[in-house]
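Only a predicted model underlies this, so the values are computations on that prediction, with no experimental measurement involved.
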Amino acid sequence: MTATPASPPRRAHGRTTGLALAGMALALAVPTPAAAAGGPAGAAAAGPVSVLKFTAKERKDALAYWTPARIKAVGKSVDLGPTGPKAKPWRGTTLKTVGRLFFVNSTGADTWCTATAVQSANRSAVMTAAHCVRRGSSPYNTNMSMVFVPAYHKGKMPYGAFAVRQAATPRAWEKDSTDDLSALTVDADKSRRKLTDVVGGQAIAFNRPVGGTISSLGYSATRPQLGEELLRCVGTAKKEHGTQAIPCDMSGGSSGGPWLADFDTTTGKGVLVSVNSSLDSLTPTKMYGEVFGATAKKVYDKAQNA
C-alpha cells in the first residue's frame, strides 16, 4: 500500500485475538458513527475523496492470510448478544452480490464488515462503510489485508475471495468522521474474472429522495449467527439527524451492509441507496445510513474508474 511520508511504519499481520469492537462494530451513538481502525495508510493529498492503495504483494498476502480456518476463528471470537426480533435470517435466493469484508485492524485483531458488489464501469466496485476502511478523524489509521467474499454462508465461499486493491472514502470521514461510506475496487479472481461478471451487481442511486421500504442486510455478530449467516431488516426509511433511519436491531459485523430499495425477493435485486452506518443505542432499535448525494457519487466514481 502506498503511504505518505508522514504515515507510521507498516504493522505486521495481527494475531487472531478476537473481534475488536472498536474496529468493526457499528457505532452506538447518534449521529456520528464510531470507526474501524488499523494499519498503515496511503492517501491522496487533496480533494474530496481519500484513496488507499494496496500493492500486488499486499493483495496476494491478504488472500493467503484469510484461510478458512482464520475466517472460522474470527466468527467465534465475539458474541454481541442475541439476535433481535427485527433482524431475520435471509432464506430467499442466494444474494450473490452481498458478502463479508474481512480485514485486520490497528490492534492486530482480525475482524469483518459487510459489503456489496454494485454495477460499475470497471465491473469491480464494492460499497461498504467508511469506518470499515479507516478510523474517522484519523488520517493514517487504516485497515489492511482486506478481502471481499461474496455470498458467504456458514463457511462456504461459493465465488471465492476478491482482494481489495483500492479503497475510497470521503475526505470528510478522514477529517471529521462524517459521510460514513466507502467504495472499494477489487482485483479479478484467480481465473481473471471481474467481480460483477461472476456475481452481478446491484444498481446504485444518488440523490434519491429518502423514503419507501428498505431491506437492510448484514453479517451481524449476534447469536446464533455470529457472522455466519446473512440477516435482513425491513422498514420504511425516514430522515433523521441529517441521515436516514430504519427500524433494525442488527449489530457489529453488519456495518457497511446494503440498504436496498425496490428489493425483489425473488431475484435478489434492488437499488442501493445507503449502507449500514450506526445504531441508536447499545440495545439497538434503529439503523442509520448516509443519504447518498454528490459526495457519495464522487467516492463511487473513484472506485469504478480505478
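Here Ile71 contributes atom CD1 and Trp66 contributes atom CH2; the two are 7.0 Å apart, rounded to the nearest 0.5 Å. One finds the CG atom of Leu181 at 5.5 Å from the CZ atom of Phe292 (value rounded to the nearest 0.5 Å). Ile204 CD1 to Lys297 NZ: the interatomic distance, rounded to the nearest 0.5 Å, is 9.0 Å. For the atom pair OH (Tyr159) and OG1 (Thr97), the distance works out to 10.0 Å, reported to the nearest 0.5 Å. With rounding to the nearest 0.5 angstrom, the OH atom of Tyr288 is 13.0 Å from the OG atom of Ser274.
At distances below 3.5 Å, at least one donor-acceptor pair connects side-chain atoms of Ser281 with backbone N or O atoms of Thr283. Side-chain atoms of Thr94 never come within 3.5 Å of backbone atoms of Lys96 as a donor-acceptor pair (strictly under, hydrogens ignored). For Thr185 (side chain) and Ala303 (main-chain N/O), a donor-acceptor pair under 3.5 Å exists by modelled atom type. Looking at Asp249, its side chain does come within 3.5 Å of a backbone N or O of Lys86 through a donor-acceptor pair. Checked by atom type and distance alone, the side chain of Asn143 pairs as donor or acceptor with a backbone atom of Cys132 at under 3.5 Å. For the pair Thr169 (side chain) and Val49 (backbone), a donor-acceptor distance under 3.5 Å is absent. Between the Gln166 side chain and the Lys302 main chain, a donor and an acceptor come within less than 3.5 Å of each other. Between the side chain of Gln244 and the backbone N or O of Glu290, at least one donor-acceptor pair lies under 3.5 Å. Between the side chain of Asp187 and the main chain of Phe162, no donor-acceptor pair closer than 3.5 Å is present. A donor-acceptor contact shorter than 3.5 Å links the side chain of Asn276 to the backbone of Leu217.
The two atoms that bring Leu195 and Ser124 nearest to each other are CB-CA, 4.3 Å, heavy atoms only. Here the shortest heavy-atom pairing between Ser177 and Ser137 reads OG-OG, 2.7 Å. Between Thr114 and Ser254, the closest heavy-atom pair is OG1-CA, 3.6 Å. Shortest non-hydrogen contact noted between Gly268 and Leu95 is CA-CD2, 3.5 Å.
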Under the side-chain contact (heavy atoms from CB on, under 4.5 Å) criterion, do Ser145 and Phe103 qualify, and how do the steps go? CA-CA 5 Å; Ser145 304; Phe103 55 90; 5.8 Å; no
Criterion side-chain contact (heavy atoms from CB on, under 4.5 Å) on Arg232 and Thr265, from CA distance to verdict: CA-CA 11 Å; Arg232 177 193 180 207; Thr265 58; 3.8 Å; yes
Passes side chain to side chain donor-acceptor pair (under 3.5 Å), Asn105 versus Thr111? Steps please. CA-CA 7 Å; Asn105 70 17; Thr111 186; 5.2 Å; no
Step-by-step side-chain contact (heavy atoms from CB on, under 4.5 Å) determination, Arg165 to Lys53: CA-CA 6 Å; Arg165 62 183 170 90; Lys53 293 185 178 181; over 6 Å; no
Go through Ser278 and Asp180 one step at a time and tell me if the side chain to side chain donor-acceptor pair (under 3.5 Å) criterion holds. CA-CA 9 Å; Ser278 58; Asp180 187 13; over 6 Å; no
Evaluate the side-chain contact (heavy atoms from CB on, under 4.5 Å) criterion for residues Val74 and Trp112: first the C-alpha distance (whole Å), next the side-chain angles of each, then the deciding distance (0.1 Å), finally the verdict. CA-CA 8 Å; Val74 73; Trp112 80 88; 4.1 Å; yes
Side chain to side chain donor-acceptor pair (under 3.5 Å) between Gln202 and Thr116: does it pass, once the steps are laid out? CA-CA 8 Å; Gln202 298 288 351; Thr116 308; over 6 Å; no
Working for side chain to side chain donor-acceptor pair (under 3.5 Å), residues Thr222 and Thr83: CA-CA 5 Å; Thr222 49; Thr83 298; 2.9 Å; yes
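Hydrophobic clustering of Ile, Leu, Val, Met, Phe, Trp and Tyr side chains at less than 4.5 Å, counting indirect connections, keeps Val291 apart from Trp173. In the hydrophobic clustering of this structure, Met157 groups with Tyr219; members are Ile, Leu, Val, Met, Phe, Trp, Tyr whose side-chain heavy atoms approach within less than 4.5 Å, directly or through other members. Cluster annotation: Val275 and Val149 are assigned to the same hydrophobic cluster (Ile/Leu/Val/Met/Phe/Trp/Tyr, side-chain heavy-atom contacts under 4.5 Å, transitive). No chain of hydrophobic side-chain contacts below 4.5 Å, direct or via other Ile, Leu, Val, Met, Phe, Trp or Tyr residues, connects Val210 to Val273. Criterion: ILVMFWY side-chain heavy atoms under 4.5 Å apart, direct or through other members. Under it, Leu230 and Leu226 are not part of a common hydrophobic cluster.
The list of salt bridge (charged side-chain N to carboxylate O under 4.0 Å, His left out) pairs with a residue in residues 197-225, not counting sequence neighbours, reads Asp79-Arg223, Arg123-Asp197, Arg208-Asp262. Counting only residues at least two apart or on different chains, no disulfide (SG to SG under 2.5 Å) pair has a member in residues 178-219.
Between Ile214 and Thr236, the closest side-chain pair of non-hydrogen atoms is not below 4.5 Å.
Taking Gln304 as the reference, Ser120, Ala121, Asn122, Tyr300, Asp301 meet the side chain to side chain contact (heavy atoms under 4.5 Å, CB included) condition, with sequence neighbours excluded.
Paired with Glu228 under the rule side-chain hydrogen bond (donor to acceptor under 3.5 Å, both in side chains), one option of Lys72, His153, Arg100, Lys154 passes, and it is Arg100.
Between Trp90 and Tyr152, the ring center distance fails the sub-6.0 Å criterion.
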